[in-house]
Amino acid sequence: MSTSVTQSYPQPSTAPGTSLTTASRVVIVGAGTFGLSTAFHLLGRGYTNVTVLDRARKLPAVDAAGTDINKVVRSCYSDVFYAKQARQAMEAWKQPMWEGCYHECGVINVGSDKFDDRWKENDLQLGAPIEDLTDAKAVRTKILSSLHSSTNSSMTTTHSDLDSNAQRVGSFTNYRGYFNPEGGWAEAARAMEILLLRVRVMGGRLIENQEVIGLVKDENGRTKGVKCRDGKCFEGDRVILTIGSWTASTFPELELDSKCLATGQSVAMIQLSTEEKERYKGCHIYLDFQTGLYTFPPTEDGIVKLAMHTAGHTYMVSPRQIGGDIDHGPVRKISTPRTITSHPESGDGLRVSRSALQALREHLRQVYPELAERPWAGTRMCWYTDSPDGNWVIGPFPGDPTLFLATSGSGHGFKFLPNIGRLIVDSLEGTLDVATTARFAVDRDSHRDIGCSGFPGATKGERASHVAQELDIGELCGPEE
């Protein structure tokens, strides 16, 4: 089987804008993963006039996808391009500037009929020291060996541990996969705070509480700045939109809803006792490509986070309903994040659907039966931005070369926080190679699915389901659930 996905992309149609210099005014809209990484790399290349605007009253924004207790860092991809970028990110995460945010606990990648051998083959090709898990017994033994008995304080698993924990691990019938010790998780919110401070120290201008609601055009129809809800305008030689799942709904006139679909992913947390934390502290990241479930080891506070890597939910709203400029032509509905900021009453924006919680519990029972009986300590709807093919959207907006997009993380963006900005700045400066430029282009043919998409018609890939469902507000869990 081939070790990579070989795809040809047509060269995008772009028009050159005014040339950039390090003195050029760059306005970045959105201080999330893509925006902060872009600012960091611009400043690192000597740019002296970088402004980052964000609607949040305090950064990092509480409802941003990257503001989370942890995120998976893994190189398991069927497309070798992203596997390479992920391994570069892993090395970058180990640098002192990240202050130990990255925890290399290893990643277990498993599935049955939905397991794609290209994930393993690409990791092997790139030098990962993987351990093959050829059948259910091997998968179960690997997971079982990471658990410890309450009487064993060492990190060495004994036969007594295996015996006492046998009922705490599922059977994994018909499963197979592999273990990659080079991977793990990052303290997401702390990493964002570190990068925020670094951007400020490097001379970046970070302005909170500035909700951008539109673009400012020159006499030739090119973007020359942005306007905010409070009436302020910010001009720039380049305007970069890095607002993730808010991209399409904030700028409906750009008609990006066919390129950038906001999808809500269900996340839940379990609080472990001190004894349970000791038992599970040696666990690896678990990625189940059959069910979509992924789990983390417990945090220092004993919190185990789990989520589903699926197509998620849409929340279709018209621009009029979300407070945007209503003069954008015919009203249409656009999937729009529903968060603790947009719906703050009683934590309503944090709630997920009952069916999602049920699925999380059922799938967790197949892995860690003991934990599946624990009550939920919290839930969160984490909003992705999906492109139809799962590739990121990075490049100039067609017909407007001073307007630049960097969005559509498609559920696999945060792990690249240290290096995604390098690609974005390369694209901004016109030095990105032709193939990668075409891969990311806004106006590309997006029917070459790499499996990271919630769009209808997405083909078999990483997600356990491939058509996003509309969020049913009446089916959201209550505080007592």
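Index from 1, following the sequence. Basis for what follows: all heavy atoms, side chains included, without hydrogens, waters or symmetry-related copies.
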ask   = Hey, does the side chain of Ser146 reach the backbone of Ile143 with a donor-acceptor pair shorter than 3.5 angstrom?
value = yes
task = Output the distance between atom CZ (Arg422) and atom CD1 (Ile424), rounded to the nearest 0.5 Å.
result = 10.5 Å
ask   = With Arg365, which residues qualify under salt bridge (charged side-chain N to carboxylate O under 4.0 Å, His left out), at least two apart?
value = Glu373
message = Restricting to non-hydrogen atoms, name the atom on Gln290 and the atom on Ser112 that form the minimum distance, rounded to 0.1 Å.
response = OE1-OG, 2.7 Å
ask   = Rounded to the nearest 0.5 Å, how far apart are OH of Tyr175 and CG of Asp135?
value = 14.5 Å
key: Tyr47: partners by ring pair (Phe, Tyr, Trp, His ring centres under 6.0 Å), with sequence neighbours left out   = none
request  = State, yes or no, whether a side-chain contact exists between Trp376 and Leu306 at a heavy-atom distance under 4.5 Å.
outcome  = yes
key: NE2 on His309 to OH on Tyr384, rounded to 0.5 Å   = 5.5 Å
ask   = Side-chain contact, heavy-atom cut-off 4.5 Å: Ser335 with Trp383?
value = yes
message = Between Phe296 and Val72, is there a side-chain heavy-atom distance shorter than 4.5 Å?
response = yes
Would you tabulate the side-chain donor-acceptor contacts of residues 34-44 under 3.5 Å, counting partners in other chains and residues two or more places apart, or write 'none'?
{"residue": "Ser37", "atom": "OG", "partner": "Leu417", "partner atom": "O", "Å": "2.8"}
{"residue": "Ser37", "atom": "OG", "partner": "Gly421", "partner atom": "N", "Å": "2.8"}
{"residue": "Thr38", "atom": "OG1", "partner": "Phe34", "partner atom": "O", "Å": "2.6"}
{"residue": "His41", "atom": "NE2", "partner": "Pro418", "partner atom": "O", "Å": "2.9"}

request  = Considering non-hydrogen atoms only, spot the tightest contact between Asn419 and Gln85 and give its length.
outcome  = ND2-O, 3.1 Å
ask   = What residues form a salt bridge (charged side-chain N to carboxylate O under 4.0 Å, His left out) with Asp63, not counting sequence neighbours?
value = Arg55
ask   = Does Tyr280 have any ring pair (Phe, Tyr, Trp, His ring centres under 6.0 Å) partners at least two apart in sequence or in another chain, and if so, which?
value = Tyr368
request  = Taking only Lys NZ, Arg NE, NH1 and NH2, and the carboxylate oxygens of Asp or Glu, determine whether Glu276 and Arg279 approach each other closer than 4.0 Å.
outcome  = no
request  = Drop me the distance from Leu241's CG to Leu53's CG, to the nearest 0.5 angstrom.
outcome  = 10.5 Å
query = Can any side-chain N or O of Lys281 pair as donor or acceptor with the backbone N or O of His148 at less than 3.5 Å?
reply = no
message = Once side-chain hydrogen bond (donor to acceptor under 3.5 Å, both in side chains) is applied, do any residues pair with Glu99, and if so which ones, sequence neighbours excluded?
response = none
request  = Check the pair Phe289, Val110 against side chain to side chain contact (heavy atoms under 4.5 Å, CB included), reporting the backbone distance first and the verdict last.
outcome  = CA-CA 6 Å; Phe289 291 101; Val110 296; over 6 Å; no
note = So the side-chain hydrogen bond (donor to acceptor under 3.5 Å, both in side chains) pairs with at least one residue in residues 186-203 (sequence neighbours excluded) are His103-Glu187, Glu187-Arg190
task = Measure the CG-CG distance between Leu405 and Leu256 for me, rounded to the nearest 0.5 Å.
result = 5.5 Å
task = Flag yes if more than 12 heavy atoms outside Lys94 fall under 6.0 Å of its NZ atom; otherwise flag no.
result = yes
ask   = Taking the side chain from Thr250 and the backbone from Trp246, do they hold a donor-acceptor pair closer than 3.5 Å?
value = yes
key: NZ or CZ of Arg74 within 45° of Trp119 ring axis and under 6.0 Å   = no
query = Judged by atom type as modelled, is there a donor-acceptor pair below 3.5 Å linking the side chain of Gln271 to the main-chain atoms of Gly378?
reply = no
message = Between Tyr286 and Asp288, do the side chains contain a donor N or O and an acceptor N or O under 3.5 Å apart?
response = yes
message = Within this structure, what is the OG-CD distance for the pair Ser266 and Gln358, rounded to the nearest 0.5 Å?
response = 12.5 Å
ask   = Within the side chain of Ser75, is there an N or O that forms a donor-acceptor pair under 3.5 Å with the backbone of Ala86?
value = no
key: Shortest non-hydrogen contact from Ala61 toward Thr67   = O-OG1, 2.7 Å
note = Taken in chain and number order and not counting sequence neighbours, the residues that satisfy side-chain hydrogen bond (donor to acceptor under 3.5 Å, both in side chains) with Thr379 are none
query = Is atom NZ of Lys277 surrounded by more than 12 heavy atoms (other residues, nucleotides or ligands) closer than 6.0 Å?
reply = yes
ask   = Quick one: does Met90's side chain get under 4.5 Å of Tyr102's, heavy atoms only?
value = yes
key: Results of side-chain hydrogen bond (donor to acceptor under 3.5 Å, both in side chains) for Tyr294 - residues two or more places apart only   = none
query = Do Arg444 and Asp389 have side-chain heavy atoms sitting under 4.5 Å apart?
reply = yes
query = Using 4.0 Å as the upper bound for N to carboxylate O, is an ion pair formed by Arg118 and Asp116?
reply = yes
task = Go through the steps to decide whether Asp433 and Arg439 satisfy the test salt bridge (Lys or Arg N to Asp or Glu O under 4.0 Å), and finish with yes or no.
result = CA-CA 10 Å; Asp433 66 88; Arg439 173 192 286 269; over 6 Å; no
query = So, the side chain of Thr242 versus the backbone of Gly30: is there a donor-acceptor pair under 3.5 Å, distance only?
reply = yes
inquiry  = Any non-hydrogen side-chain atom of Trp185 less than 4.5 Å from a side-chain atom of Pro297?
reply    = yes
ask   = Which atom names give the shortest non-hydrogen contact between Val393 and Lys259, and what distance separates them?
value = CG2-O, 4.2 Å
message = Tell me whether the NZ or CZ atom of Lys142 lies within the 45° cone about the ring axis of Phe179 and under 6.0 Å from its centre.
response = yes
query = Which ring-ring contact (aromatic ring centres under 6.0 Å, His included) pairs, counting each pair once, include a residue from residues 414-438, with sequence neighbours left out?
reply = Trp93-Phe414, Trp392-Phe416
query = Val267 and Cys382: which non-hydrogen atoms are nearest, and at how many Å?
reply = CG2-CB, 4.0 Å
task = Test the Arg176-Phe115 pair against the cation-pi criterion, namely NZ or CZ under 6.0 angstrom from the six-membered ring centroid and within 45° of the ring axis.
result = no
request  = Can you sort out the partners of Arg87 under side-chain hydrogen bond (donor to acceptor under 3.5 Å, both in side chains), two or more places apart, ordered by chain and number?
outcome  = Glu182
message = Test your reading of the model: is there a side-chain donor-acceptor pair from Thr385 to the backbone of Ser245, 3.5 Å cut-off?
response = yes
query = Taking all atoms of both residues into account, what is the closest heavy-atom pair of Ala31 and Asp54, and its distance?
reply = N-OD2, 2.8 Å
key: Enclosure of Asp132 CG (heavy-atom neighbours >12, cutoff 6.0 Å)   = yes
note = Residues passing the ring pair (Phe, Tyr, Trp, His ring centres under 6.0 Å) test with His313, sequence neighbours excluded, are none
task = Decide yes or no for Val107 and Cys76: does some side-chain heavy atom of the first lie under 4.5 Å from some side-chain heavy atom of the second?
result = no
